[in-house]
Amino acid sequence: MQTVELNNNTHMPTFGLGTWKSKPGEVHQAVQHAVRAGYRHIDCAWIYGNEAEVGHALQELFLEGVVTRDQLWITSKLWNDRHAPQEVPQGLRETLQNLQLTYLDLYLIHWPVALRKDAPRPLRAEDMIDLDQMPIAATWRAMEQLAQEGLCRTIGVSNFSVPKLQALCNEARITPAVNQVELHPYLQQNELHAFCQRQNIHLTAYAPLGSRDRIEALKTEDEPVLLDDNVIATIAQKHGATSAQILIAWALCRNTSVIPKSVNPERIQQNLAATHFVLDAEDQRRMATLDRHRRYVDGTFWALEGGPYTLANLWDE
Ligand code: A2P
């Protein structure tokens, strides 16, 4: 399994299994199948509501001797209602308990959005806290503390724009190693990609297949379907591959890591096989033309009326 050396000298497998939207009842066998097939990186988060089942699957794999803990890379994410520095250790403790692990390989601040404690899914603006009142830098110091204590080997962020990364880097003692963002040919994020390369912050691509299984409320009518794209289908045909495999190969050839979600054994296998595909310069040129700044996870759920967050201040666009 190919790895990338992060800015703290740890080695992260560049291909992993996404678990967002994997339902309890499905994610257990998905993790088991993936690890048995050769996956060594599992991407989790507290808010996915399925960490306990992922943990159960991992325990069984350890007990059966399929893999050892140190052969896996496990990522999870601090939820938005735990940004207060005194809440950060508890956020990680809950995740570790759910996953039945003693440490994570990577712990990320899930969103640059702060919520009141125990209001994890806010419906009212009053449940949201302005970043001026709950600065990311203070949350980050608590994350740094967790890293120093060895509870997570590496720390990073998710859904951060260039200005937010820059501001954090200016204040951080430990530079974030990873920024996990939505990234695919319809949202290529070239500026962010270049910035991260310059700063030695690794980018991980979430929703690399266009995340069609997200809930209806997160979809818009007539949205373009990445997996149905004609250019991608043509390139796939040329390589004797599927469109999903081309999307995975594209992410890897840009030196980003990629975490496609699947709970289907054949597709789990198929996605892993994509790590062997190489896109040539002509394929890459054609893929580059597909950019259309299309967010499938656009963050409108944080832009509650009367609240501190807007799409403009969330993405700094
Ligand atoms: P399933 O879990 O049934 O395989 P993303 O990673 O962008 O969030 O996309 C996940 C969606 O893509 C899920 O609906 C998942 O369905 C589907 N998917 C995963 N792998 C493939 C594949 N190889 N071909 C087609 N669809 C896929």
Side-chain angles (χ1 to χ4, degrees), residues 13-39 41-45 47-50 53-54 57 75-77 108 110-111 158-159 180-189 203-220 223-237 239-252 254 256-277 279 287 290-299 301:
T14 51
F15 175 82
L17 180 73
T19 62
W20 175 42
K21 306 176 263 76
S22 299
K23 297 187 186 71
E26 293 179 343
V27 75
H28 176 273
Q29 64 87 28
V31 169
Q32 289 242 336
H33 190 84
V35 173
R36 287 179 203 280
Y39 283 59
H41 171 170
I42 313 286
D43 183 79
C44 313
I47 196 64
Y48 301 165
N50 56 12
E53 193 169 318
V54 172
T75 298
S76 186
K77 313 183 190 86
L108 306 176
H110 204 148
W111 284 91
S158 182
N159 295 301
Q180 184 182 122
V181 295
E182 180 180 346
L183 209 56
H184 46 68
Y186 287 174
L187 183 70
Q188 304 198 8
Q189 309 238 41
L203 270 184
T204 297
Y206 79 67
L209 309 180
S211 221
R212 274 300 278 171
D213 58 340
R214 66 204 198 287
I215 54 167
E216 289 305 314
L218 293 186
K219 293 185 187 166
T220 53
E223 66 179 29
V225 178
L226 190 58
L227 280 170
D228 291 348
D229 186 279
N230 279 334
V231 171
I232 299 171
T234 312
I235 296 172
Q237 207 168 22
H239 288 274
T242 66
S243 290
Q245 288 180 312
I246 296 303
L247 290 166
I248 293 164
W250 178 81
L252 294 173
R254 288 177 99 212
T256 61
S257 49
V258 64
I259 46 170
K261 171 265 176 186
S262 181
V263 291
N264 173 282
E266 284 92 57
R267 289 192 283 274
I268 286 172
Q269 202 88 34
Q270 183 195 118
N271 295 347
L272 177 64
T275 59
H276 300 299
F277 284 108
L279 300 185
M287 297 288 277
L290 299 180
D291 199 9
R292 56 182 79 176
H293 202 70
R294 176 77 211 192
R295 288 186 191 279
Y296 290 116
V297 185
D298 70 359
F301 38 86

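Read the numbers this way: they start at 1 and go in the same order the structure lists the ligands and their atoms. Side chains are part of it too, since the values below use all heavy atoms of this structure and drop only hydrogens, waters and symmetry mates.
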- Shortest protein contact, atom 20 (N) of ligand 1 (heavy atom only):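 Here the nearest protein heavy atom works out to N271 ND2, 3.0 Å.
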
- What's the shortest distance from atom 11 (C) of ligand 1 to any protein heavy atom, and which residue and atom give it?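 The closest heavy atom on the protein side is D213 OD1, 3.6 Å.
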
[X]: numbered ligand 1 atoms lying under 4.0 Å from its heavy atoms:
X	value
A244	22 (C), 23 (N), 24 (N)
P260	6 (O)
L227	25 (C), 26 (N)
N264	4 (O)
S211	5 (P), 7 (O), 8 (O), 9 (O)

Do any N or O atoms from the side chain of [X] and from the backbone of [Y] form a donor-acceptor pair under 3.5 angstrom?
X	Y	result
T256	L203	no
Q32	A57	yes
N50	T19	yes
K21	R212	no

Could you tell me whether [X] approaches ligand 1 through its side chain, its backbone, both or neither, with non-hydrogen atoms closer than 4.0 Å?
X	answer
I268	neither
Q245	neither
T242	neither

Is it the case that ligand 1 has an N or O less than 3.5 angstrom from some N or O of [X]?
X	value
L209	yes
G210	yes
W20	no

- Please step through side-chain contact (heavy atoms from CB on, under 4.5 Å) for the pair V31 and E53, ending with a clear verdict. CA-CA 9 Å; V31 169; E53 193 169 318; over 6 Å; no

- Message: Please state which option from E266, R267, K261, E182 has its nearest heavy atom closest to atom 15 (C) of ligand 1.
- Response: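 That would be K261.
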
Contact check, [X] vs ligand 1, heavy-atom distance below 4.0 Å:
X	answer
V263	yes
P208	yes
R214	no

- Query: Is K77 salt-bridged to D43, cutoff N-O under 4.0 Å?
  - Reply: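 Salt bridge flag = yes for D43 with K77.
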
- Item | Lys/Arg-Asp/Glu bridge criterion (N-O < 4.0 Å) met for E223, R214 |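 Salt bridge present between E223 and R214.
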
- Should we count NZ of K23 as having more than 12 external heavy atoms under 6.0 Å?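 Open.
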
- Query: Could you go step by step and tell me if F277 and L252 meet the side-chain contact (heavy atoms from CB on, under 4.5 Å) rule?
  - Reply: CA-CA 9 Å; F277 284 108; L252 294 173; over 6 Å; no

- Query: Closest heavy-atom contact between P265 and H33?
  - Reply: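 The answer is O-NE2, 3.4 Å.
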
- Message: Quick check: closest heavy atoms across I246 and H239, and the distance to 0.1 Å?
- Response: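 Reported closest heavy-atom pair: CD1-CD2, 4.1 Å.
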
